[in-house]
2 protein chains.
Amino acid sequence: MSGLADVRTDNDSPKRLAVLEAAGRLFVTHGYGAVSMDVIAREAGVSKATLYAHFASKDRLFATIITEACHQGVAAATQLAAAEAGTDIRAVLTGLGGRVLRFLLAPRTLAIHRVVIAEVARFPELGAVFYENGPGRSRGQFTAWLQRQTAIGRLAAADPDLAADQFLGMLRGNLYHRALLGIGPPATQDEIDSAAVATVDTFLRAYSAA
Amino acid sequence: MSGLADVRTDNDSPKRLAVLEAAGRLFVTHGYGAVSMDVIAREAGVSKATLYAHFASKDRLFATIITEACHQGVAAATQLAAAEAGTDIRAVLTGLGGRVLRFLLAPRTLAIHRVVIAEVARFPELGAVFYENGPGRSRGQFTAWLQRQTAIGRLAAADPDLAADQFLGMLRGNLYHRALLGIGPPATQDEIDSAAVATVDTFLRAYSAA
DNA sequence: GTCTATAGAAGGATAGAC
DNA sequence: GTCTATCCTTCTATAGAC
């Protein structure tokens with residue numbers, strides 16, 4: 001794959017957008033290998049020639065899809081972080097945890113994670129690009145937040161990176177693990193909230209300032 | 001895919017084993033879609049006709065590979081659990097954590113996890129079969145162990161399932177997450193040991209009997 | 001930019017000889 | 001069981017007209 005990080009998105013012709021929409025839906029649902037350019041063209045309502053007029057190759061099209069998905073993930077993460085303010089650490093963490101977990105367990109998020117993990121072997125740089133633009137950035141913001149809370153004496157996270165990893169690891173826990181494997185019915189809101197509460201509970205026992 | 005859970009392995013002709021070896025290596029390295037039956041036959045040193053004499057289809061061959069990989073995972077997990085005994089909870093947990101994490105981060109383990117996650121969309125039953133035979137069984141054994149330790153007063157894990165998920169979630173943390181995405185160099189022994197120590201540290205602050 | 005039609009290659013699976 | 005040779009489908013990508 002050439003130029004994964006250098007994908008233009010300034011062109012917004014209707015046909016191009018239709019291709020992006022169809023390809024995005026198909027790729028994240030069925031994976032890279034199982035989706036043909038014929039099917040994408042048909043679903044988008046354009047001819048293959050038009051498709052290739054906008055995207056030089058299947059690789060490039062895939063790169064564009066994943067890059068845009070990353071940016072959406074960043075936007076979501078930023079929203080999450082910005083929405084959290086308040087003095088009750090437990091309430092803030094629980095709210096944040098619930099929102100993050102809901103995002104991680106959303107069918108679209110899971111599908112994107114699956115397809116990225118799937119194609120790491122084929123496109124080695126894909127994993128890093130995805131991580132830096134998505135989960136890594138969220139983690140960075142969370143780490144900074146933990147550090148600020150520690151600085152003002154509301155938490156005792158001497159190693160904010162480690163604390164962030166442990167919090168997020170516990171949060172993902174079994175729900176995310178099983179969801180990634182497509183096991184069982186989707187998690188209910190109660191399960192998600194309960195997992196967030198339990199995570200915060202354990203986390204605060206280790207990192208509470210008091 | 002038909003009969004994922006019902007794969008015979010009683011035939012051990014040399015050619016058949018050569019096919020299994022080559023296909024296993026190729027599938028976990030490059031994924032299902034990127035490996036052709038031609039390449040498998042060539043790598044195994046047999047003709048395609050011979051390949052199809054032993055495996056009815058590419059699907060069936062893939063199912064056999066993954067099923068056998070699951071059984072290896074179960075064997076590894078059982079070994080891990082059996083090896084742990086002792087009275088110093090912290091030492092036992094740290095040893096166990098380090099071994100589990102080393103197993104999870106092994107290139108072959110990561111490759112299998114990647115290919116299973118990748119093909120969940122194509123083979124819906126694959127995720128459940130893999131989980132039940134691999135990670136789920138390990139988790140069950142760990143849960144039972146936590147429960148016993150709680151019963152004899154060495155731990156205070158009122159909800160052993162939850163405690164197991166939190167322990168394993170923290171243990172995977174960022175190392176497994178990044179490794180699955182193929183980011184950066186493989187984790188060093190020091191990083192693994194350090195992650196295990198940190199996980200046990202946080203875990204025991206929440207679930208210590210004292 | 002957009003289409004129809006097709007080239008050229010590769011894939012899964014099989015026929016028939018031994 | 002094993003091989004060589006091949007069929008048929010599907011795939012990516014492009015040529016050429018409008």
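Throughout, a chain's letter reflects where its sequence line sits, starting with A, and its residues are numbered from 1. Heavy-atom basis, side chains included; hydrogens, waters and symmetry copies ignored.
- For the salt bridge (charged side-chain N to carboxylate O under 4.0 Å, His left out) condition, no pair includes a residue of residues 166-182 of chain B, sequence neighbours left out.
- Applying the salt bridge (charged side-chain N to carboxylate O under 4.0 Å, His left out) test to residues at least two apart or on different chains, the pairs with a partner in residues 187-203 of chain B are Arg90(B)-Asp201(B), Arg102(B)-Asp193(B), Asp201(B)-Arg205(B).
- To the nearest angstrom, C1' of dA13(C) lies 16 Å from CZ of Arg60(B).
- Listed by chain and number, the residues in a side-chain contact (heavy atoms from CB on, under 4.5 Å) with Thr143(A) are Arg139(A), Pro160(A), Asp161(A), Ala164(A) (sequence neighbours excluded).
- In this structure, Val35(A) reaches the sugar-phosphate backbone alone: every heavy-atom distance under 4.0 Å involves primed, P, OP1 or OP2 atoms, never a base.
- A donor-acceptor contact under 3.5 angstrom links the side chains of Ser47(B) and Thr50(B), judged on distance only.
- The side-chain contact (heavy atoms from CB on, under 4.5 Å) search around Ala118(B) returns Ala118(A), not counting sequence neighbours.
- For Ser194(B), the side-chain contact (heavy atoms from CB on, under 4.5 Å) criterion is met by no residue, not counting sequence neighbours.
- In this structure, Ile40(B) places its CD1 atom 12 Å from C1' of dG11(C), rounding to the nearest Å.
- Using a 4.0 Å cutoff to heavy atoms of chain B, the contacted part of DNA chain D runs 5' to 3' from dG1(D) to dT4(D).
- Within residues 46-56 of chain A, the residues that have a heavy atom under 4.0 Å from DNA chain D are, in order of number, Lys48(A), Ala49(A), Tyr52(A).
- Across all strands shown, Ser13(A) has no heavy atoms under 4.0 Å from either base or sugar-phosphate atoms.
- In this view, Asp159(A) satisfies the salt bridge (charged side-chain N to carboxylate O under 4.0 Å, His left out) rule with no residue, not counting sequence neighbours.
- Across the protein-nucleic acid pair, Tyr32(B) atom OH and dG11(C) atom P stand 13 Å apart, rounded to whole Å.
- For Ala22(A), the side-chain contact (heavy atoms from CB on, under 4.5 Å) partners two or more places apart in sequence, or in a different chain, are Arg25(A), Glu43(A), Ala44(A).
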